2 protein chains.
Amino acid sequence: MKSRITQSELDVMDVLWAESPLAAADVVHKLSGSKNWNPRTVKTLLARLVEKKALTTQADGRRYLYSPLVSKDDYAAKAARSLSNRLFGGRAAPLVAHLAGADGLSEDDIAELEALIANMKNMDIKS
Amino acid sequence: MKSRITQSELDVMDVLWAESPLAAADVVHKLSGSKNWNPRTVKTLLARLVEKKALTTQADGRRYLYSPLVSKDDYAAKAARSLSNRLFGGRAAPLVAHLAGADGLSEDDIAELEALIANMKNMDIKS
DNA sequence: ATGTATGGACTACATATGTAGTCAATAATG
DNA sequence: CATTATTGACTACATATGTAGTCCATACAT
């Protein structure tokens, strides 16, 4: 019954995905630019993430250092598959189509996708 | 300040995206296979979706017929872009990469993506 | 040593969400 | 017509979530 990471909690995870382990005060500091949160709020979110087993702590003297237990890649993959299944029948193309605005994806996006697809085709051949 | 459609509410939207307008009893019936919900629950979700302006109602005698105000495409597009921005830096390729398991996407997915990309390149040329 | 700042543990409280129950009007049925 | 079933309106209540506050122990500065 692993509870879901919420929006606010995800903001905290982002900080720790970028750099870890960090003390609560560091996380507070890194969020101070983007979020207007009371340090208490950040502490609460950290505690909830530990409860949810999304973070672990290691003692550092009197305080804790926090590190992710869930990698961003894993989290992102699950979120992507969940969205794909829930709204796009588990198919990739409709999802990608909906990412684009009226005028398609950017050149860069298209180039990256082509490279990715070429790569996946290779994987397929090798197996 | 349009509140977000929740998971349970989305199940209701799905029914009405598939066919509308429908009376509450019809929605209840269509959900009875997949969800083990009390009809009251479905009614509550319908009412909340009307509040959130995701559905409209038209009177049909003593009851209401519900229809989506938000199309599935719009909703899905917003959800897809939101996920992409939140977790993949707004780029399409990493999202697609994370959709795949260890062994890449299915042949069908790859074929569909290629077709989609070819199409988007055409759009690009025309404009 | 003594006051003050800092850090974690626990508590708080409004709103959201999942999941229903109650009530009153009305439609359908015997 | 009297009874029952249906429907929307309103209410309920536990848990989740956003956003903090309080308390207490301890580290640090004087």
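Just so we're on the same page: letters track the sequence lines, and every chain starts at 1. Because the structure is predicted, anything quoted here is derived from the model rather than measured.
- For A:K43 and C:dG8, the shortest distance from a side-chain N or O to OP1 or OP2 is below 4.0 Å.
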- Kindly indicate, with the supporting measurements, whether the criterion side chain to side chain contact (heavy atoms under 4.5 Å, CB included) is fulfilled by A:E114 and B:K121. CA-CA 11 Å; A:E114 284 184 318; B:K121 284 175 123 173; 2.7 Å; yes
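- Rounded to whole Å, atom P of D:dC10 lies 16 Å from atom CG of B:L46.
- When rounded to the nearest whole Å, the span between OH of B:Y64 and C1' of C:dT26 equals 14 Å.
- Using a cutoff of 4.0 Å between basic side-chain nitrogens and carboxylate oxygens, A:R91 and B:D109 are not scored as salt-bridged.
- Other residues, nucleotides and ligands place no more than 12 heavy atoms under 6.0 Å from the CG atom of A:N36.
- A straight line from CG of A:D11 to P of D:dT17 spans 14 Å, rounded to a whole angstrom.
- Computed from coordinates, the A:D26 CG to C:dT6 P distance equals 14 Å when rounded to whole Å.
- Counting to the nearest Å, the P atom of C:dA5 and the CZ atom of A:R63 are 19 Å from each other.
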- Query: Could you write nucleotides 20-30 of chain D as a row of B, S and -, 5' to 3', where a protein heavy atom under 4.0 Å of any base atom gives B, of only sugar-phosphate atoms gives S, and otherwise -?
  - Reply: BBB--BBS---
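- Counting only distance, with no hydrogens or angles, the side chain of A:S84 and the backbone of A:A80 share no donor-acceptor pair below 3.5 Å.
- For the pair A:T6 and D:dA16, the criterion of a side-chain N or O lying under 4.0 Å from OP1 or OP2 is not met.
- Atom CZ of B:R4 is separated from atom C1' of D:dT17 by 16 Å (rounded to the nearest Å).
- Computed from coordinates, the A:L65 CG to C:dG8 C1' distance equals 13 Å when rounded to whole Å.
- One atom, CD of A:E51, and another, P of D:dT15, lie 14 Å apart when rounded to the nearest Å.
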- Item | Criterion side chain to side chain contact (heavy atoms under 4.5 Å, CB included) on A:N38 and A:T41, from CA distance to verdict | CA-CA 5 Å; A:N38 188 300; A:T41 300; 3.8 Å; yes
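- Taking 4.0 Å as the cut-off between side-chain N and carboxylate O, B:R48 and B:E9 do not count as a salt-bridged pair.
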